[in-house]
There are 2 protein chains.
Amino acid sequence: MPVDPTCPVCQTAEIICGKWTLLLIRDLAEGHSRFCELERSLQGISPRTLSLRLRALEEEAIVERHTFAEVPPRVEYALTEKGRALLPLIDHMRSYGERWLGGTCANAADEQLPPVAAVA
Amino acid sequence: MPVDPTCPVCQTAEIICGKWTLLLIRDLAEGHSRFCELERSLQGISPRTLSLRLRALEEEAIVERHTFAEVPPRVEYALTEKGRALLPLIDHMRSYGERWLGGTCANAADEQLPPVAAVA
DNA sequence: CAGCATCCGCCGTGATACTG
DNA sequence: CAGTATCACGGCGGATGCTG
């Protein structure tokens, strides 16, 4: 529900604000490409939600879906150029989080000095 | 609802993914500082939601609240340094939106290469 | 393996009215 | 002016079970 559909900031927010979207994109960037693989790496996600997110991102041309007519069935997902263009933004968010929110992540390399004062 | 409270990317997402948060920060950055002023510039927001967002951002030390014991009462809000540090990120989101979402590519699943010329 | 169908609960948001 | 109180709704996401 875009507040302002013509605002590029809001449009971008719409894309990345799904609960699992950012993690999903990150995992895709890291090479996880199959449904079950993503289901594992995104621990706690339901197949329904994963499917919905994947569809939405596919419609937005952020991920590509490649189906293999095999037995057992295989489907692989990958970021498009448009999707990879999101990665610097995610890095930017990580930088902010590390600098100002004191968070560290298994995937993140290093950690910066925490903010001076945090309101309780 | 943080997927991973320790992930800086998720923490940052938590902050900026409120429906009005980005616009609120933008308006604060543009100098709108009073409650009624924000209420006007964020057309459509309810006082309840504005109040809630402001409180949340205050708790996160992203905005500062300055009360003036006057009649009529006056309260001014301003971004802290931590809040202003969000602005480049918002710019980044705007850049992405303009570059990749500026056109009419929302539903085009087959559209892999949006118009490059759309960059302002 | 890769999903879809169904039901359900949560909570963010909106609307409206009221207060200091 | 600057909020708070209350009620209600809608949609996202979770849980579970089933199919090709």
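The chains referred to below are lettered A, B, ... by the order of the sequence lines, with proteins before strands, and numbering in each begins at 1. Please read these numbers as outputs of a predicted model, since none were measured by experiment.
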**Fill in**
Its dot-bracket string being built from Watson-Crick and G-U pairs below 3.5 Å, with | for another strand and [ ] for crossing, DNA chain D has the pattern ||||||||||||||||||||
Distances under 3.5 Å only, N/O to N/O: pair up the protein atoms with those of nucleotides 14-20 of chain C.
unit_1, atom_1, unit_2, atom_2, d
C:dG14, OP1, B:K19, NZ, 3.0
C:dG14, OP1, B:W20, NE1, 3.3
C:dG14, OP2, B:W20, NE1, 3.1
C:dG14, OP2, B:T49, OG1, 3.2
C:dG14, O6, B:R48, NE, 3.2

**Request:** List the steps, then state whether side chain to side chain contact (heavy atoms under 4.5 Å, CB included) holds for A:M93 with A:I16.
**Result:** CA-CA 11 Å; A:M93 292 176 65; A:I16 64 176; 4.2 Å; yes
Can you measure [X] atom [atom1] to [N] atom [atom2] for me and round it to whole angstrom units?
X     : N      : atom1 : atom2 : answer
A:R55 : D:dC12 : CZ    : P     : 17 Å
A:I15 : D:dC12 : CD1   : C1'   : 18 Å
A:L54 : C:dG3  : CG    : C1'   : 10 Å
A:L52 : C:dT6  : CG    : P     : 14 Å
B:L50 : D:dC1  : CG    : C1'   : 13 Å
A:E58 : C:dA2  : CD    : C1'   : 13 Å
A:R74 : C:dA2  : CZ    : P     : 9 Å

OP1 or OP2 of [N] versus the side-chain N and O atoms of [X]: is any pair under 4.0 Å?
X     : N      : answer
A:Y77 : C:dC1  : no
A:R65 : C:dA2  : no
A:R53 : D:dG13 : yes
A:S51 : C:dG3  : no

**Request:** With a 4.0 Å heavy-atom cut-off, tell me which residues in residues 25-42 of chain B come close to DNA chain C, sorted by residue number.
**Result:** none
**Asked** Touch check for B:F68, heavy atoms < 4.0 angstrom, all strands: base, sugar-phosphate only, or nothing?
**Response** nothing
**Message:** Give me the atom names and distance for the closest heavy-atom approach of A:T21 to A:I15.
**Reply:** CG2-O, 3.4 Å
**Message:** How close do A:C10 and A:D4 get, counting heavy atoms only, and between which atoms?
**Reply:** CB-O, 3.5 Å
**Message:** Taking atom CD as the centre, does B:Q43 end up with more than 12 heavy-atom neighbours from other residues, nucleotides or ligands that are less than 6.0 angstrom away?
**Reply:** no
**Basic-acidic side-chain contact under 4.0 Å: A:R84, A:E81** = yes
**With A:P47 via side chain to side chain contact (heavy atoms under 4.5 Å, CB included) - residues at least two apart** = A:F35, A:E39
**Request:** Give me the one residue out of A:H66, A:E37, A:R65 that meets side-chain hydrogen bond (donor to acceptor under 3.5 Å, both in side chains) with A:Y77.
**Result:** A:R65
**Prompt:** Where each residue is assigned the nucleotide of DNA chain D containing its nearest heavy atom, which of B:E76 and A:C17 is assigned the position nearer the 5′ end?
**Reply:** B:E76
**Request:** Would you sort out whether A:R53 and A:T49 count as a side chain to side chain contact (heavy atoms under 4.5 Å, CB included), showing the intermediate values?
**Result:** CA-CA 6 Å; A:R53 289 278 136 251; A:T49 300; 4.2 Å; yes
**Message:** Checking A:R26 against A:R94 for the side chain to side chain contact (heavy atoms under 4.5 Å, CB included) test, could you report, in this order, the C-alpha distance in whole Å, the side-chain angles of both residues, the deciding distance, and whether it holds?
**Reply:** CA-CA 11 Å; A:R26 187 203 61 188; A:R94 176 178 299 113; 4.1 Å; yes
**Prompt:** Ignoring hydrogens and geometry, is there a side-chain-to-backbone donor-acceptor pair from A:T12 to A:P8 under 3.5 Å?
**Reply:** yes
**Message:** Once salt bridge (charged side-chain N to carboxylate O under 4.0 Å, His left out) is applied, what residue pairs with a partner in residues 66-78 of chain A remain, sequence neighbours excluded?
**Reply:** A:E70-A:R74, A:R74-A:E76
**Prompt:** Listed by chain and number, what are the side chain to side chain donor-acceptor pair (under 3.5 Å) partners of B:S51, not counting sequence neighbours?
**Reply:** none
